[in-house]
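For clarity, every value in this text was computed on a predicted model and none was experimentally measured. Residues take their numbers from the sequence shown, with the count starting at 1.
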Amino acid sequence: MGCIPNLTEISSNPRDTPAQAVETRMLTEDQSQTDLSGTRLTMVPVKDFDPELRELVAADQRTPLELGLLRVHAHRPSHARAIVGLHAALWTDRLLSDRLLELVRLRIAFFNQCRTCMAVRYPGAIADGLTEELVCSLEKPYESNELSEAERAAIRYGELLATDHLAINDAVYDDLRQHFSEEQIVELGSYCAFCVGFGRLGATWNMIEELPERFHEGDVATPWGGEAITLT
């Protein structure tokens with residue numbers, strides 16, 4: 001059963017002030033000029049992919065949604081190959097759990113308003129215990145009994161990187177050290193940086209054509225409270 005988001009109720013946890021301010025602004029500002037018409041840059045057809053990139057990602061065996069933003073990155077093949085390599089390292093060579101990282105990714109995606117990022121779920125995270133009920137807890141992560149203290153600390157760190165990175169001080173890292181090794185904190189930071197940077201870029205590209213209908217409308221989308229797509 002999915003949750004029904006109440007966009008007027010924002011987490012009041014005092015630790016979450018920078019993210020709370022951004023979230024409140026997102027949900028209350030007049031964004032009537034939002035353009036949801038579709039992808040703003042040309043998507044390269046698979047037949048026109050650089051041969052090395054095409055082979056690297058097995059493009060002929062993938063659906064358009066699975067190729068996602070790579071269809072735009074393909075305009076710069078050497079850059080696209082590097083991005084694929086970094087993505088592969090961050091998504092496969094992990095010390096942190098798939099569930100934790102997916103929760104962090106989806107919360108960052110909300111602040112980025114990357115609709116592609118919010119719409120998809122990675123199968124490794126689902127196998128690791130991610131459910132849509134758990135995704136619903138991201139609406140108010142500091143009030144949820146479904147999240148562990150470690151998950152809340154990681155989510156807070158990701159939120160701050162997405163909304164107010166200069167608010168990340170010694171206390172934030174001390175909190176992370178209560179739950180993670182330094183190697184894990186470095187991994188979490190690199191993962192969050194990837195999600196923040198490429199998620200913001202993806203939000204501006206506005207690739208929504210293959211997403212569920214709820215991502216085609218409204219000024220503010222959420223990863224919780226509706227249909228999502230599990231990648232294969």
Side-chain angles (χ1 to χ4, degrees), residues 1-28 94-115 117-165 167-169 171-181 184-185 187-189 191-192 194-196 199 212 214-215 218 220-231:
M1 180 182 299
C3 60
I4 301 175
N6 183 347
L7 300 184
T8 65
E9 297 181 7
I10 309 301
S11 172
S12 60
N13 188 289
R15 299 192 316 165
D16 196 32
T17 302
Q20 181 184 351
V22 172
E23 190 167 8
T24 301
R25 185 173 71 249
M26 288 167 59
L27 298 174
T28 57
R94 289 176 164 177
L95 299 174
L96 298 167
S97 75
D98 284 11
R99 165 178 151 149
L100 180 147
L101 291 175
E102 186 76 338
L103 289 167
V104 172
R105 182 186 71 80
L106 290 171
R107 186 65 174 162
I108 289 173
F110 168 70
F111 286 105
N112 282 343
Q113 280 297 289
C114 175
R115 292 172 185 243
C117 309
M118 287 188 278
V120 301
R121 308 287 184 266
Y122 284 90
I126 293 174
D128 196 30
L130 185 85
T131 64
E132 287 308 302
E133 287 77 9
L134 193 60
V135 173
C136 284
S137 70
L138 292 175
E139 184 183 7
K140 294 184 178 181
Y142 306 108
E143 300 176 18
S144 172
N145 295 324
E146 301 297 319
L147 300 173
S148 69
E149 286 297 323
E151 288 169 339
R152 280 192 284 269
I155 288 167
R156 182 192 179 209
Y157 181 65
E159 284 184 350
L160 288 173
L161 279 171
T163 62
D164 188 8
H165 66 288
I168 299 176
N169 54 23
V172 173
Y173 279 103
D174 288 343
D175 187 34
L176 289 173
R177 287 191 182 92
Q178 298 299 312
H179 310 284
F180 306 108
S181 68
Q184 290 173 319
I185 293 171
E187 178 179 309
L188 178 63
Y191 181 85
C192 290
F194 186 99
C195 293
V196 170
R214 72 185 184 96
F215 293 102
V220 176
T222 67
W224 52 80
E227 183 183 358
I229 301 170
T230 301
L231 299 178

Grab the two heavy atoms, one from [X] and one from [Y], that are nearest each other, plus how far apart they are.
X	Y	answer
Thr222	Arg214	O-NH1, 2.9 Å
Leu134	Gly129	CD2-O, 4.1 Å
Ile155	Arg107	CG2-CG, 3.8 Å

Contacts table for residues 117-124: side-chain donor-acceptor under 3.5 angstrom, sequence neighbours left out:
unit_1 : atom_1 : unit_2 : atom_2 : d
Arg121 : NE     : Glu132 : OE2    : 2.8
Arg121 : NH1    : Met118 : O      : 2.7
Arg121 : NH2    : Glu132 : OE1    : 3.1
Arg121 : NH2    : Pro223 : O      : 2.6

Do Asp174 and Gln178 touch side chain to side chain, with heavy atoms closer than 4.5 Å? no

With a 4.5 Å heavy-atom cut-off, do Leu96 and Phe180 have their side chains touching?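 Side chain of Leu96 against side chain of Phe180, heavy atoms only: contact under 4.5 Å found.
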
Please verify the inter-ring angle class for Phe110 with Trp224; under 30° counts as parallel, over 60° as perpendicular, anything in between as tilted.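 If you compare the ring of Phe110 with that of Trp224, the planes turn out tilted.
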
Taking only Lys NZ, Arg NE, NH1 and NH2, and the carboxylate oxygens of Asp or Glu, determine whether Arg156 and Glu159 approach each other closer than 4.0 Å.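 No salt bridge links Arg156 with Glu159.
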
Residues Arg105, Glu102: salt bridge by 4.0 Å N-O rule: yes

[atom2] on [Y] to [atom1] on [X], rounded to 0.5 Å:
X	Y	atom1	atom2	answer
Glu151	Ser144	CD	OG	9.0 Å
Leu100	Asp128	CG	CG	9.0 Å
Leu101	Leu188	CG	CG	7.0 Å

Partner set under disulfide (SG to SG under 2.5 Å) for Cys192, not counting sequence neighbours: none

